[in-house]
Amino acid sequence: MIRLGIYAGSSWSVPNSRSNRVLEHAIQRFEKSHPNVKISYETGIPKENYSNWLADRVVKGEQPDIFMVPEEDFSLLANSHALLPLDDLLEHSSKDFYGAALAAGTYQGHSYALPFESNPVMMCVNKDLLEKNGIPVPQAGWTLDDFYRLSQQLTKDTNGDGVLDQYGSTDYTWQEALVAYGGSLLKNGHLMLDSPEMRRSRTFVSRLTQLNQKYQVNSKDFDEGKVAFYPMTLAQYRTYKPYPYHISKYSSFSWTCIPMPSDKAGSNATQVSTSLFAISSRANHLAEVKEFLKLLCLDEKTQGELFEKSQGMSVLPSVMKSPATSNLLKADDFGADSLTAERLDAMMTGAVSSIQAGLSSQELEQINYLINESLTYPTSDTSLSEIQKKIEEEPGTK
(Lines give C-alpha, C1' and ligand atoms only; values in the text may rest on other atoms or scores of the structure.)
Protein backbone atom coordinates (compact mmCIF):
# COMPACT_ATOMS: atom_id res chain seq x y z
CA MET A 1 0.00 0.00 0.00
CA ILE A 2 1.27 3.45 -0.99
CA ARG A 3 -0.27 6.36 0.87
CA LEU A 4 -0.75 9.59 -1.10
CA GLY A 5 -1.29 13.03 0.45
CA ILE A 6 -3.19 15.62 -1.61
CA TYR A 7 -5.60 18.50 -1.08
CA ALA A 8 -8.92 18.95 -2.84
CA GLY A 9 -9.33 21.29 -5.78
CA SER A 10 -6.95 23.58 -7.58
CA SER A 11 -3.51 24.63 -6.39
CA TRP A 12 -4.21 28.15 -7.66
CA SER A 13 -7.31 29.29 -5.74
CA VAL A 14 -9.56 29.15 -8.79
CA PRO A 15 -12.59 26.88 -9.27
CA ASN A 16 -11.78 23.50 -10.82
CA SER A 17 -13.89 20.37 -10.52
CA ARG A 18 -11.57 18.24 -12.68
CA SER A 19 -8.18 18.64 -11.01
CA ASN A 20 -8.20 15.31 -9.15
CA ARG A 21 -9.17 13.36 -12.26
CA VAL A 22 -5.58 13.54 -13.45
CA LEU A 23 -4.38 11.94 -10.22
CA GLU A 24 -7.11 9.32 -10.34
CA HIS A 25 -6.17 8.35 -13.90
CA ALA A 26 -2.49 8.21 -12.96
CA ILE A 27 -3.32 5.95 -10.01
CA GLN A 28 -5.37 3.66 -12.27
CA ARG A 29 -2.54 3.39 -14.77
CA PHE A 30 0.02 2.70 -12.04
CA GLU A 31 -2.09 0.07 -10.31
CA LYS A 32 -2.75 -1.64 -13.65
CA SER A 33 0.98 -1.90 -14.35
CA HIS A 34 1.70 -2.86 -10.71
CA PRO A 35 -1.06 -5.38 -9.80
CA ASN A 36 0.31 -5.94 -6.31
CA VAL A 37 0.37 -2.22 -5.39
CA LYS A 38 -2.57 -0.13 -4.22
CA ILE A 39 -2.53 3.65 -3.76
CA SER A 40 -4.83 5.24 -1.18
CA TYR A 41 -5.48 8.84 -0.21
CA GLU A 42 -7.74 10.81 2.08
CA THR A 43 -10.29 12.82 0.12
CA GLY A 44 -11.78 16.23 0.69
CA ILE A 45 -8.97 18.04 2.54
CA PRO A 46 -9.37 21.75 1.66
CA LYS A 47 -6.18 23.43 0.51
CA GLU A 48 -6.42 25.99 3.32
CA ASN A 49 -6.41 23.16 5.90
CA TYR A 50 -3.83 20.98 4.21
CA SER A 51 -0.69 22.50 5.80
CA ASN A 52 -2.01 21.86 9.29
CA TRP A 53 -3.17 18.37 8.32
CA LEU A 54 0.26 17.54 6.90
CA ALA A 55 2.15 19.06 9.85
CA ASP A 56 0.08 16.97 12.25
CA ARG A 57 0.91 13.81 10.30
CA VAL A 58 4.62 14.67 10.22
CA VAL A 59 4.74 15.31 13.98
CA LYS A 60 3.08 11.94 14.61
CA GLY A 61 5.38 10.18 12.13
CA GLU A 62 2.33 9.24 10.07
CA GLN A 63 2.93 11.30 6.94
CA PRO A 64 1.95 9.78 3.58
CA ASP A 65 4.61 8.04 1.49
CA ILE A 66 4.27 10.64 -1.26
CA PHE A 67 2.51 13.98 -0.85
CA MET A 68 1.94 17.45 -2.23
CA VAL A 69 4.07 20.08 -0.53
CA PRO A 70 2.74 23.64 -0.10
CA GLU A 71 5.33 26.17 -1.28
CA GLU A 72 5.32 27.94 2.07
CA ASP A 73 6.14 24.67 3.88
CA PHE A 74 8.78 23.27 1.54
CA SER A 75 11.92 24.78 3.11
CA LEU A 76 10.83 23.85 6.64
CA LEU A 77 10.05 20.26 5.66
CA ALA A 78 13.30 19.87 3.72
CA ASN A 79 15.34 21.36 6.58
CA SER A 80 13.67 19.08 9.13
CA HIS A 81 14.61 15.96 7.14
CA ALA A 82 10.97 15.06 6.56
CA LEU A 83 11.60 14.76 2.81
CA LEU A 84 13.64 12.19 0.96
CA PRO A 85 16.46 13.64 -1.23
CA LEU A 86 15.66 13.05 -4.89
CA ASP A 87 18.96 13.85 -6.60
CA ASP A 88 19.23 10.26 -7.85
CA LEU A 89 15.90 10.59 -9.67
CA LEU A 90 17.14 13.68 -11.48
CA GLU A 91 20.51 12.29 -12.54
CA HIS A 92 19.26 11.98 -16.12
CA SER A 93 16.03 13.99 -15.91
CA SER A 94 16.79 17.49 -14.61
CA LYS A 95 16.88 18.96 -18.12
CA ASP A 96 13.39 17.58 -18.77
CA PHE A 97 11.88 20.29 -16.52
CA TYR A 98 11.63 24.05 -16.84
CA GLY A 99 14.35 25.57 -14.65
CA ALA A 100 12.03 27.67 -12.49
CA ALA A 101 9.79 24.68 -11.84
CA LEU A 102 12.70 22.47 -10.84
CA ALA A 103 14.15 25.20 -8.61
CA ALA A 104 10.93 25.30 -6.57
CA GLY A 105 11.74 21.86 -5.20
CA THR A 106 15.42 22.53 -4.55
CA TYR A 107 16.82 23.27 -1.09
CA GLN A 108 20.47 24.07 -0.41
CA GLY A 109 21.53 22.66 -3.75
CA HIS A 110 19.63 19.37 -3.47
CA SER A 111 16.27 18.28 -4.83
CA TYR A 112 13.64 17.32 -2.24
CA ALA A 113 10.50 17.59 -4.38
CA LEU A 114 9.61 17.32 -8.05
CA PRO A 115 7.45 19.93 -9.80
CA PHE A 116 3.98 18.86 -10.84
CA GLU A 117 2.29 21.98 -12.23
CA SER A 118 3.35 25.60 -12.79
CA ASN A 119 1.42 28.86 -12.82
CA PRO A 120 3.26 31.83 -14.35
CA VAL A 121 2.24 35.48 -14.03
CA MET A 122 1.82 37.28 -17.36
CA MET A 123 0.53 40.62 -18.58
CA CYS A 124 -2.90 40.63 -20.21
CA VAL A 125 -3.42 43.44 -22.69
CA ASN A 126 -6.55 45.07 -24.10
CA LYS A 127 -5.51 45.10 -27.76
CA ASP A 128 -8.43 47.25 -28.88
CA LEU A 129 -7.69 49.97 -26.34
CA LEU A 130 -4.07 50.18 -27.46
CA GLU A 131 -5.07 50.22 -31.13
CA LYS A 132 -7.62 52.98 -30.51
CA ASN A 133 -4.80 55.06 -29.02
CA GLY A 134 -2.38 54.28 -31.84
CA ILE A 135 -0.14 52.10 -29.67
CA PRO A 136 1.18 48.70 -30.80
CA VAL A 137 1.13 45.78 -28.38
CA PRO A 138 4.51 45.71 -26.56
CA GLN A 139 6.89 42.96 -27.59
CA ALA A 140 8.74 40.53 -25.37
CA GLY A 141 11.64 42.35 -23.74
CA TRP A 142 9.71 45.52 -22.93
CA THR A 143 10.81 47.43 -19.84
CA LEU A 144 9.33 49.13 -16.78
CA ASP A 145 10.10 52.45 -18.44
CA ASP A 146 7.99 51.35 -21.42
CA PHE A 147 5.23 50.20 -19.09
CA TYR A 148 5.12 53.51 -17.21
CA ARG A 149 5.29 55.60 -20.39
CA LEU A 150 2.43 53.68 -22.02
CA SER A 151 0.34 53.80 -18.83
CA GLN A 152 0.88 57.55 -18.71
CA GLN A 153 -0.25 57.91 -22.32
CA LEU A 154 -3.31 55.75 -21.83
CA THR A 155 -4.57 57.22 -18.53
CA LYS A 156 -6.86 60.02 -19.61
CA ASP A 157 -10.26 61.68 -19.68
CA THR A 158 -11.74 60.68 -23.03
CA ASN A 159 -15.12 62.40 -22.51
CA GLY A 160 -13.85 65.89 -21.74
CA ASP A 161 -15.71 66.06 -18.44
CA GLY A 162 -12.59 66.31 -16.31
CA VAL A 163 -12.92 62.78 -14.92
CA LEU A 164 -10.55 59.96 -15.86
CA ASP A 165 -12.34 57.14 -17.66
CA GLN A 166 -9.42 55.26 -19.26
CA TYR A 167 -6.48 53.77 -17.40
CA GLY A 168 -3.09 52.28 -18.09
CA SER A 169 -3.08 49.41 -15.62
CA THR A 170 -4.65 47.68 -12.66
CA ASP A 171 -3.39 45.22 -10.03
CA TYR A 172 0.30 45.77 -10.76
CA THR A 173 1.79 45.50 -7.26
CA TRP A 174 5.11 45.85 -5.51
CA GLN A 175 5.54 42.08 -5.84
CA GLU A 176 5.58 42.19 -9.65
CA ALA A 177 7.87 45.22 -9.52
CA LEU A 178 10.26 43.49 -7.12
CA VAL A 179 10.64 40.58 -9.55
CA ALA A 180 11.14 43.05 -12.40
CA TYR A 181 14.02 44.67 -10.51
CA GLY A 182 15.57 41.29 -9.78
CA GLY A 183 14.82 41.38 -6.05
CA SER A 184 13.48 38.82 -3.61
CA LEU A 185 11.80 38.71 -0.23
CA LEU A 186 14.05 36.09 1.30
CA LYS A 187 17.81 35.57 1.23
CA ASN A 188 19.18 32.51 3.01
CA GLY A 189 15.89 32.28 4.89
CA HIS A 190 15.95 35.90 6.11
CA LEU A 191 13.59 38.70 5.13
CA MET A 192 15.10 41.36 2.86
CA LEU A 193 12.51 44.13 2.88
CA ASP A 194 14.89 47.08 3.13
CA SER A 195 16.78 46.28 -0.06
CA PRO A 196 17.58 48.62 -2.99
CA GLU A 197 15.29 46.51 -5.21
CA MET A 198 12.40 46.81 -2.77
CA ARG A 199 12.85 50.57 -2.48
CA ARG A 200 12.83 50.90 -6.26
CA SER A 201 9.80 48.63 -6.48
CA ARG A 202 7.79 50.65 -4.02
CA THR A 203 8.74 53.90 -5.72
CA PHE A 204 7.73 52.57 -9.13
CA VAL A 205 4.33 51.33 -7.93
CA SER A 206 3.75 54.65 -6.16
CA ARG A 207 4.43 56.57 -9.39
CA LEU A 208 2.21 54.20 -11.37
CA THR A 209 -0.64 54.54 -8.88
CA GLN A 210 -0.43 58.34 -8.87
CA LEU A 211 -1.37 58.37 -12.55
CA ASN A 212 -4.92 57.37 -11.55
CA GLN A 213 -5.50 60.47 -9.40
CA LYS A 214 -6.58 58.55 -6.27
CA TYR A 215 -9.09 56.37 -8.15
CA GLN A 216 -8.70 52.67 -7.27
CA VAL A 217 -8.64 50.97 -10.65
CA ASN A 218 -9.84 47.36 -10.44
CA SER A 219 -10.45 44.24 -12.50
CA LYS A 220 -14.04 45.30 -13.20
CA ASP A 221 -12.66 48.31 -15.04
CA PHE A 222 -10.58 45.91 -17.14
CA ASP A 223 -13.66 43.78 -17.82
CA GLU A 224 -15.44 46.88 -19.09
CA GLY A 225 -12.62 47.68 -21.51
CA LYS A 226 -11.30 50.73 -19.65
CA VAL A 227 -7.84 49.38 -18.74
CA ALA A 228 -4.93 48.44 -20.99
CA PHE A 229 -2.71 46.24 -18.77
CA TYR A 230 -3.68 43.63 -16.18
CA PRO A 231 -1.21 41.14 -14.59
CA MET A 232 -2.83 37.75 -14.35
CA THR A 233 -1.73 34.22 -13.59
CA LEU A 234 -2.21 31.57 -16.25
CA ALA A 235 -4.76 29.88 -13.97
CA GLN A 236 -6.79 33.09 -13.73
CA TYR A 237 -6.59 33.51 -17.50
CA ARG A 238 -7.82 29.99 -18.16
CA THR A 239 -10.84 30.38 -15.87
CA TYR A 240 -11.41 34.07 -16.43
CA LYS A 241 -14.74 35.79 -16.26
CA PRO A 242 -15.69 37.99 -13.28
CA TYR A 243 -18.83 36.42 -11.83
CA PRO A 244 -18.80 33.46 -11.95
CA TYR A 245 -15.45 32.22 -13.17
CA HIS A 246 -16.01 30.71 -16.58
CA ILE A 247 -14.09 30.85 -19.83
CA SER A 248 -15.91 33.28 -22.06
CA LYS A 249 -15.00 35.33 -25.11
CA TYR A 250 -15.29 39.06 -24.65
CA SER A 251 -17.53 40.67 -27.21
CA SER A 252 -16.52 44.19 -26.22
CA PHE A 253 -12.77 43.97 -26.86
CA SER A 254 -10.00 41.60 -27.91
CA TRP A 255 -7.03 40.87 -25.71
CA THR A 256 -3.76 39.03 -25.61
CA CYS A 257 -1.09 38.04 -23.08
CA ILE A 258 2.57 39.03 -23.15
CA PRO A 259 5.55 38.63 -20.76
CA MET A 260 5.80 40.94 -17.77
CA PRO A 261 7.99 44.06 -18.17
CA SER A 262 11.46 44.02 -16.65
CA ASP A 263 13.90 46.64 -15.44
CA LYS A 264 16.30 45.80 -18.26
CA ALA A 265 15.37 45.05 -21.86
CA GLY A 266 15.53 41.35 -22.58
CA SER A 267 15.42 40.21 -18.95
CA ASN A 268 12.74 37.72 -17.93
CA ALA A 269 10.47 39.01 -15.15
CA THR A 270 8.08 36.05 -15.20
CA GLN A 271 7.24 34.89 -11.69
CA VAL A 272 6.17 31.26 -11.39
CA SER A 273 4.39 29.37 -8.62
CA THR A 274 4.80 25.59 -8.73
CA SER A 275 2.99 22.73 -7.03
CA LEU A 276 5.31 20.01 -5.77
CA PHE A 277 5.30 16.33 -4.89
CA ALA A 278 7.77 14.94 -2.36
CA ILE A 279 8.54 11.55 -0.89
CA SER A 280 8.55 11.07 2.86
CA SER A 281 11.90 10.20 4.41
CA ARG A 282 9.93 7.49 6.23
CA ALA A 283 8.35 6.06 3.07
CA ASN A 284 8.02 2.35 2.54
CA HIS A 285 8.22 0.57 -0.84
CA LEU A 286 10.66 3.20 -2.10
CA ALA A 287 11.16 1.70 -5.54
CA GLU A 288 7.43 1.77 -6.29
CA VAL A 289 6.96 5.21 -4.69
CA LYS A 290 9.70 6.69 -6.87
CA GLU A 291 8.15 5.13 -9.96
CA PHE A 292 4.79 6.69 -9.10
CA LEU A 293 6.43 10.08 -8.53
CA LYS A 294 7.99 9.88 -11.99
CA LEU A 295 4.60 8.94 -13.45
CA LEU A 296 3.12 12.12 -11.96
CA CYS A 297 5.89 14.55 -12.81
CA LEU A 298 7.90 13.14 -15.70
CA ASP A 299 5.33 11.20 -17.72
CA GLU A 300 4.17 13.12 -20.79
CA LYS A 301 0.74 11.48 -20.82
CA THR A 302 0.04 12.53 -17.21
CA GLN A 303 1.43 16.01 -17.78
CA GLY A 304 -0.52 16.42 -21.01
CA GLU A 305 -3.76 15.47 -19.29
CA LEU A 306 -2.89 17.90 -16.48
CA PHE A 307 -2.65 20.79 -18.94
CA GLU A 308 -5.95 19.75 -20.49
CA LYS A 309 -7.93 19.40 -17.26
CA SER A 310 -6.27 21.88 -14.89
CA GLN A 311 -5.62 25.62 -15.24
CA GLY A 312 -1.86 25.82 -14.85
CA MET A 313 0.73 24.42 -17.24
CA SER A 314 2.93 21.37 -17.52
CA VAL A 315 6.38 21.53 -15.97
CA LEU A 316 7.78 19.72 -19.02
CA PRO A 317 8.86 21.74 -22.08
CA SER A 318 8.22 18.68 -24.26
CA VAL A 319 4.53 18.77 -23.32
CA MET A 320 4.18 22.53 -23.72
CA LYS A 321 5.76 22.37 -27.19
CA SER A 322 3.52 19.54 -28.34
CA PRO A 323 0.85 19.91 -31.07
CA ALA A 324 -1.82 18.86 -28.54
CA THR A 325 -0.98 21.79 -26.25
CA SER A 326 -0.92 24.21 -29.15
CA ASN A 327 -4.34 23.01 -30.30
CA LEU A 328 -5.82 23.32 -26.81
CA LEU A 329 -4.73 26.96 -26.58
CA LYS A 330 -6.00 27.73 -30.08
CA ALA A 331 -9.38 26.30 -29.15
CA ASP A 332 -9.94 28.55 -26.13
CA ASP A 333 -12.65 31.17 -26.25
CA PHE A 334 -10.29 34.14 -26.21
CA GLY A 335 -9.02 33.70 -29.77
CA ALA A 336 -6.22 31.74 -31.41
CA ASP A 337 -3.53 34.37 -30.90
CA SER A 338 -4.38 35.52 -27.37
CA LEU A 339 -1.91 33.08 -25.83
CA THR A 340 0.19 30.57 -27.73
CA ALA A 341 2.22 27.57 -26.59
CA GLU A 342 5.33 29.25 -28.00
CA ARG A 343 4.72 32.34 -25.90
CA LEU A 344 4.18 30.32 -22.72
CA ASP A 345 7.36 28.33 -23.38
CA ALA A 346 9.31 31.57 -23.87
CA MET A 347 7.94 32.99 -20.60
CA MET A 348 8.96 29.87 -18.69
CA THR A 349 12.47 29.79 -20.12
CA GLY A 350 14.50 31.87 -17.68
CA ALA A 351 11.55 32.56 -15.37
CA VAL A 352 12.02 32.86 -11.60
CA SER A 353 10.35 31.01 -8.74
CA SER A 354 7.62 32.84 -6.86
CA ILE A 355 8.97 35.37 -4.38
CA GLN A 356 6.24 34.14 -2.02
CA ALA A 357 7.88 30.72 -1.68
CA GLY A 358 9.07 30.07 1.85
CA LEU A 359 6.63 32.53 3.44
CA SER A 360 3.45 31.51 5.19
CA SER A 361 0.19 33.07 4.05
CA GLN A 362 0.04 34.98 7.36
CA GLU A 363 3.54 36.41 6.90
CA LEU A 364 2.85 37.41 3.32
CA GLU A 365 -0.46 38.98 4.27
CA GLN A 366 1.22 41.10 6.94
CA ILE A 367 4.07 42.16 4.63
CA ASN A 368 1.61 43.03 1.88
CA TYR A 369 -0.60 45.03 4.25
CA LEU A 370 2.26 47.07 5.72
CA ILE A 371 3.91 47.81 2.38
CA ASN A 372 0.60 48.80 0.77
CA GLU A 373 -0.11 51.00 3.77
CA SER A 374 3.27 52.68 3.33
CA LEU A 375 2.41 53.41 -0.31
CA THR A 376 -0.29 55.81 0.85
CA TYR A 377 2.37 58.06 2.37
CA PRO A 378 5.43 59.76 0.86
CA THR A 379 8.13 57.15 0.38
CA SER A 380 11.23 57.17 2.53
CA ASP A 381 14.23 54.91 2.87
CA THR A 382 13.52 54.37 6.55
CA SER A 383 9.92 53.13 6.43
CA LEU A 384 10.89 49.81 4.85
CA SER A 385 13.39 49.16 7.63
CA GLU A 386 10.63 49.94 10.13
CA ILE A 387 8.36 47.42 8.39
CA GLN A 388 11.15 44.84 8.48
CA LYS A 389 11.66 45.43 12.22
CA LYS A 390 7.95 45.21 12.96
CA ILE A 391 7.58 41.90 11.13
CA GLU A 392 10.69 40.41 12.74
CA GLU A 393 9.27 41.25 16.17
CA GLU A 394 6.20 39.13 15.45
CA PRO A 395 6.40 35.56 16.81
CA GLY A 396 6.99 32.93 14.15
CA THR A 397 8.17 35.29 11.41
CA LYS A 398 11.47 35.22 9.55
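Hydrogens, waters and symmetry mates play no part in the numbers below; they use all other heavy atoms, side chains included. Worth saying up front: this structure is predicted, and the values here are computed from it rather than measured.
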* Might you confirm whether atom CZ of Arg149 has over 12 heavy atoms from other residues, nucleotides or ligands at distances under 6.0 Å? => yes

* Asked: Can you check whether Ile371's main-chain N or O pairs, donor with acceptor, with Ser374's side chain at less than 3.5 Å?
  -> yes

* **Main-chain N/O of Lys389 paired to Glu392 side chain as donor or acceptor, under 3.5 Å** => no

* Structure fact -> When rounded to the nearest 0.5 Å, the distance separating OG of Ser75 from OH of Tyr107 is 6.0 Å

* Worked check of side chain to side chain contact (heavy atoms under 4.5 Å, CB included) between Leu154 and Leu130 -> CA-CA 8 Å; Leu154 289 159; Leu130 264 63; 4.0 Å; yes

* Asked: Do we see a donor-acceptor contact under 3.5 Å between the side chains of Asn268 and Thr270?
  -> yes

* Please report the shortest heavy-atom distance between Ser118 and Val315, naming the atom on each side. => OG-CG1, 3.6 Å

* Check whether the side chains of Asp345 and Tyr98 place a donor and an acceptor atom closer than 3.5 Å, and report yes or no. => yes

* Asked: Do the side-chain N and O atoms of Ser280 and Asp65 include a donor-acceptor pair separated by under 3.5 angstrom?
  -> no

* Asked: Does a donor on one side chain sit under 3.5 Å from an acceptor on the other, for Ser201 and Glu197?
  -> no

* To do: Mind running side chain to side chain contact (heavy atoms under 4.5 Å, CB included) on Val179 and Val121 for me, showing each step along the way?
  => CA-CA 11 Å; Val179 173; Val121 178; over 6 Å; no

* Parallel, tilted or perpendicular for Tyr112 and His110, by the 30°/60° rule? -> perpendicular

* Asked: Ignoring hydrogens and geometry, is there a side-chain-to-backbone donor-acceptor pair from Ser353 to Ala100 under 3.5 Å?
  -> yes

* Between Lys220 and Glu224, does at least one N-O distance fall below 4.0 Å, as a salt bridge requires? -> yes

* Asked: In terms of hydrophobic clusters joined by side-chain contacts under 4.5 Å, are Met192 and Leu186 together?
  -> no

* Asked: Would Gln356 and Gln271 count as having a side-chain donor-acceptor pair, cut-off 3.5 Å?
  -> no

* Evaluate the side-chain hydrogen bond (donor to acceptor under 3.5 Å, both in side chains) criterion for residues Ser111 and Asp87: first the C-alpha distance (whole Å), next the side-chain angles of each, then the deciding distance (0.1 Å), finally the verdict. => CA-CA 5 Å; Ser111 175; Asp87 295 335; 4.8 Å; no

* **Check: Phe222 ring centroid to Trp255 ring centroid under 6.0 Å** => yes

* To do: With side chain to side chain contact (heavy atoms under 4.5 Å, CB included) as the test, would you mind laying out the steps for Val37 and His285 before giving the verdict?
  => CA-CA 9 Å; Val37 178; His285 314 294; over 6 Å; no

* Asked: Near Glu62 CD, under 6.0 Å, is it more than 12 heavy atoms from other residues, nucleotides or ligands?
  -> yes

* To do: State, without any angle test, whether Ser318 and Glu300 hold a side-chain donor-acceptor pair at a distance under 3.5 Å.
  => yes

* Asked: So, do Phe229 and Phe147 have ring centers that fall under 6.0 Å from each other?
  -> yes

* Structure fact -> From the list Leu86, Leu4, Val69, side-chain contact (heavy atoms from CB on, under 4.5 Å) with Phe277 holds only for Leu4

* Asked: Judged by modelled atom types alone, do Ser273 and Asn119 share a side-chain donor-acceptor pair under 3.5 Å?
  -> no

* Asked: So, for Ser267 and Ser262, which heavy atoms are closest and what is the spacing to 0.1 Å?
  -> CB-OG, 3.2 Å

* To do: Indicate whether any N or O donor in one side chain lies under 3.5 Å from an N or O acceptor in the other, for Gln388 and Ser385.
  => no

* Single-linkage hydrophobic cluster Val205~Leu185, side-chain heavy atoms < 4.5 angstrom -> yes

* To the nearest 0.5 Å, how far apart are CG in Leu76 and CG in Leu83? -> 9.5 Å

* Asked: So does Lys156 have more than 12 non-hydrogen atoms from other groups sitting under 6.0 Å from NZ?
  -> yes

* Parallel under 30°, tilted from 30 to 60°, perpendicular over 60°: which one fits the rings of Tyr215 and Tyr167? -> parallel

* Asked: Do Ser310 and Glu117 meet the criterion of a side-chain donor-acceptor pair at a distance under 3.5 Å?
  -> yes

* Asked: Is there a donor-acceptor pair closer than 3.5 Å between any side-chain N or O of Asp56 and the backbone N or O of Trp53?
  -> no

* **Short N-O contact, Glu305 and Arg29, less than 4.0 angstrom** => no

* Asked: Stepwise, does the side chain to side chain contact (heavy atoms under 4.5 Å, CB included) test hold for Glu42 with Arg57?
  -> CA-CA 12 Å; Glu42 188 173 330; Arg57 293 299 187 278; 3.5 Å; yes

* Do the numbers put Arg238 on top of the ring of Phe307, so that NZ or CZ is under 6.0 Å from the six-membered ring centre and no more than 45° off the axis? -> yes

* To do: Please work out whether the ring planes of Phe30 and Phe292 are parallel, tilted or perpendicular, with thresholds of 30° and 60°.
  => perpendicular

* Using a cut-off of 6.0 Å, state whether more than 12 heavy atoms not belonging to Glu365 lie near its atom CD. => no

